[in-house]
Amino acid sequence: MQEGGFMRNGSERRGVALRIGVLLALAAAAIAVVATSATAKPSAGNYVLGVSNTHINNGWREEMICSIKAEALVSGKVSKVVLANRETDPAGQIADIRNLISAGANAIIINPASPSALNGVIAQAAAKGVKIVSVDQRVTAPQAYNATNDQEGYGYLGASWLFKTLKGKGNVVEMRGIPGVPADTDRHNGFTRALKAYPGIKVVKSIYTQWAFPTAAKQMLDILNSGVKVDGVWTSGADYTVVNAFKTAGKPLVPVVGADTNEFLKQQLTVKGFHGAAVTNPATIGGVGASMAIKLLDGGTVPKWVKLKPAVWDNKKAADLKLIKANYSPTRPPTYSARLTIAPWTHYKPAQLFSCKGP
């Protein structure tokens, strides 16, 4: 009995071992399938691009998104653009990026709400093989690629023009963007760097406009009605409504630094006695980001940071005036930026940009 029992126990043990072996083999196969599907390279024509934007009701950001859609469409390699587009903070953007990963995005173009707060989710995306390209503003995550205007240069060039135009003396207003976001910080750094060379310039107000044109108008009007003497204004892009505020308040126009928004260019051309400088900041940097993402998905290489050099268009200089006239359009939305394409990165036609249709 003892011997027979031993044989029966041994048989059962061999059966259990066999079943365990089968189960382990099946589990290993399942893991291999999951790993293969997670790391499988998407095929051209079926790429899914995600877009994370955290600032809405802003024409510049709308043009940025349209340039991403246009570049995705003209490439012929993208099947879908998935958009996460809302007013939110870094925590909300982290959630949006995770949702885009879950939605099957092969690459995600982001306009970041923070230079470093997204680093963790960017690392998570990279671990899953998802490419991240940050446009307009730079992120510090080593896995990400960046495509931006030189934002510190934007602040420095515009402020230098203003302080020089004022001959180094006077009261100026600094109208910033959104606190904490990379472009605002970089532009402010450029502004303060320029300020060091002009001790006779006094910053009488430094305020955040949230890059909202109506907000900037009200803030400027309040400053003018308060009796504060203003000799010049530097804006971080919410520009043409600031000029309008001077007219509303019945105050003499002063030199104003703006971006290359369409309505500001119109003011440079048409407002009598107005002296302004437009610092270029193309919203179509979004299309550059899309182009970079597609090239990466193709297995190609791109620079870790594509940085555009801004130019200053002074409406009192003949050569600049020609550029302003060439870039202004009476049919374009007022807050669209002037530069519609960016060689050698974008490939769409202006009509495709304005249609704002993706694949």
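Along the sequence shown, residues are numbered consecutively beginning with 1. Note that the coordinates shown come from a computational prediction; the quantities given were computed from them, not determined experimentally.
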**Study point:** L118 with I285, same ILVMFWY side-chain cluster at under 4.5 Å
**Key:** no
Exercise for review: For the pair T54 (side chain) and D89 (backbone), establish whether a donor and an acceptor sit closer than 3.5 Å, ignoring hydrogens and angles.
Suggested key: no
Exercise for review: Taking S67 for its side chain and M64 for its backbone only, find out whether a donor-acceptor pair lies under 3.5 Å.
Suggested key: yes
Review point. Side chains of T261 and W60: is there a donor and an acceptor less than 3.5 Å apart?
Key: no
Check your understanding: For P142 and K304, which heavy atoms make the closest approach, and how far apart are they?
Key -> O-NZ, 2.8 Å
Point to revise | Closest contact, heavy atoms only, A123 versus Q143 | key: CB-NE2, 3.5 Å
Check your understanding: Roughly how far, to the nearest 0.5 Å, is the CD atom of Q352 from the SG atom of C66?
Key -> 12.5 Å
**Study point:** Between D136 and Q151: side-chain donor-acceptor atoms closer than 3.5 Å
**Key:** yes
Review point. Taking the side chain as C-beta and beyond, is there a heavy-atom pair between N315 and F264 under 4.5 Å?
Key: no
**Study point:** Member of K349, E63, R332 meeting the side chain to side chain contact (heavy atoms under 4.5 Å, CB included) criterion with F354
**Key:** R332
Revision key, fill the gap. Minimal heavy-atom distance between R176 and S206, with the atoms involved, is CD-OG, 3.7 Å
Check your understanding: Between V256 and V279, is there a shared hydrophobic cluster once you connect ILVMFWY residues whose side-chain heavy atoms come closer than 4.5 Å?
Key -> no
Revision key, fill the gap. Between L308 and N149 the two heavy atoms that sit nearest each other are O-OD1, 3.2 Å
Check your understanding: Side chains of Q93 and S52: do they bring a donor and an acceptor to under 3.5 Å?
Key -> yes
Check your understanding: With distance as the sole test, does T346 use its side chain to make a donor-acceptor pair with the main-chain N or O of G287 at under 3.5 Å?
Key -> no
**Study point:** Value rounded to 0.5 Å, distance of NZ in K218 from CG in N225
**Key:** 10.0 Å
Exercise for review: Would you mind checking if D298 and K77 are paired as a salt bridge, meaning a charged N to carboxylate O distance below 4.0 Å?
Suggested key: yes
Check your understanding: Does V48 belong to the same Ile/Leu/Val/Met/Phe/Trp/Tyr cluster as V133, with side-chain heavy atoms less than 4.5 Å apart forming each link?
Key -> no
Review point. With side chains defined as the heavy atoms from C-beta onward, is the minimum distance between V173 and I223 less than 4.5 Å?
Key: yes
Point to revise | Candidate pair L224 and V230, rule side-chain contact (heavy atoms from CB on, under 4.5 Å), full reasoning | key: CA-CA 8 Å; L224 293 172; V230 177; 4.3 Å; yes
**Study point:** Separation between CG of L321 and CD of Q268, rounded to the nearest 0.5 Å
**Key:** 8.5 Å
Point to revise | Any donor-acceptor N/O pair, T140 side chain to P115 backbone, under 3.5 Å | key: yes
Review point. Does the side-chain contact (heavy atoms from CB on, under 4.5 Å) test come out yes or no for V302 and W345, once each step is laid out?
Key: CA-CA 11 Å; V302 299; W345 293 102; 4.2 Å; yes
Check your understanding: So, T270 side chain and K266 main chain: donor-acceptor pair closer than 3.5 Å or not?
Key -> yes
Exercise for review: Considering only NZ, NE, NH1 and NH2 on the basic side and carboxylate oxygens on the acidic side, decide whether D186 and R138 come within less than 4.0 Å.
Suggested key: no
Exercise for review: State, with a plain yes or no, whether a side-chain heavy atom of N146 is found less than 4.5 Å away from one of V139.
Suggested key: yes
Point to revise | Polar side-chain atom of E263 near backbone of Y240 as donor-acceptor pair, under 3.5 Å | key: no
Practice item. Decide if the gap between the ring center of H275 and the ring center of W161 is smaller than 6.0 angstrom. Key: yes
Point to revise | Connected via hydrophobic side-chain network under 4.5 Å: I294 and V288 | key: yes
Review point. Taking it one step at a time, do K229 and D231 satisfy salt bridge (Lys or Arg N to Asp or Glu O under 4.0 Å)?
Key: CA-CA 7 Å; K229 185 175 183 293; D231 299 304; 2.4 Å; yes
Check your understanding: At their closest point, which heavy atom of L100 faces which heavy atom of A84, and how far apart are they?
Key -> CD1-CB, 4.2 Å
Check your understanding: Between the main-chain N or O of G92 and the side-chain N or O of R86, is there a donor-acceptor pair closer than 3.5 Å?
Key -> yes
Check your understanding: Do N111 and S134 have side-chain atoms, one donor and one acceptor, less than 3.5 Å apart?
Key -> no
**Study point:** Connected via hydrophobic side-chain network under 4.5 Å: Y348 and V81
**Key:** no
Check your understanding: Is it true that the side chains of T280 and W313 contain a donor and an acceptor less than 3.5 Å apart?
Key -> no
**Study point:** Side-chain heavy atoms of K196 within contact of T192, under 4.5 Å
**Key:** no
Review point. Sub-3.5 Å donor-acceptor pair from the side chain of N119 to the main-chain atoms of A141, do we have one?
Key: yes
Exercise for review: Tell me, with the steps shown, if H347 and S75 meet side-chain contact (heavy atoms from CB on, under 4.5 Å).
Suggested key: CA-CA 8 Å; H347 304 88; S75 75; over 6 Å; no
Check your understanding: Under 3.5 Å, is there a donor-acceptor pair linking the side chains of Y156 and D150?
Key -> no
Check your understanding: Does the side chain of R187 come under 3.5 Å of the side chain of S236 through a donor N or O and an acceptor N or O?
Key -> yes
Check your understanding: If you round to the nearest 0.5 Å, how far is OG of S114 from CD1 of I94?
Key -> 8.0 Å
Check your understanding: Taking atom CG of N262 and atom OH of Y328, what is their separation to the nearest 0.5 Å?
Key -> 5.5 Å
Check your understanding: Do N106 and V130 have side chains that get closer than 4.5 Å, going by heavy atoms?
Key -> no
**Study point:** Aromatic ring proximity F191/F163, centre distance under 6.0 Å
**Key:** yes
Exercise for review: Give the C-alpha distance, both sets of side-chain angles, the deciding distance and a yes or no for side chain to side chain donor-acceptor pair (under 3.5 Å) between N281 and S337.
Suggested key: CA-CA 7 Å; N281 182 49; S337 66; over 6 Å; no
Practice item. Determine whether I65 and N53 make a side-chain contact, defined as any pair of heavy atoms from C-beta on separated by less than 4.5 Å. Key: yes
Point to revise | Pairwise side-chain contact, T248 with L221, heavy-atom cut-off 4.5 Å (strictly under) | key: yes
Point to revise | Residue pair V135 / G289: nearest heavy atoms and the distance that separates them | key: CG1-CA, 3.6 Å
Point to revise | Side-chain donor-acceptor pair present, N244, Q267, cut-off under 3.5 Å | key: yes
Review point. More than 12 heavy atoms of other residues, nucleotides or ligands under 6.0 Å from NZ of K325: is that the case?
Key: no
Exercise for review: Return yes if some donor-acceptor pair links the side-chain N/O of E152 with the main-chain N/O of N189 below 3.5 Å, else return no.
Suggested key: no
**Study point:** Beyond-backbone contact of L353 with T284, side-chain heavy atoms, under 4.5 angstrom
**Key:** yes
Practice item. In sequence, state the C-alpha distance, the side-chain angles, and the governing distance for T88 and D96, and then conclude on side-chain contact (heavy atoms from CB on, under 4.5 Å). Key: CA-CA 10 Å; T88 191; D96 288 347; 4.2 Å; yes
**Study point:** T241 side chain to F213 backbone, donor-acceptor under 3.5 Å
**Key:** yes
Check your understanding: How many angstroms lie between OH in Y336 and CG in L340, if you round to the nearest 0.5 Å?
Key -> 9.5 Å
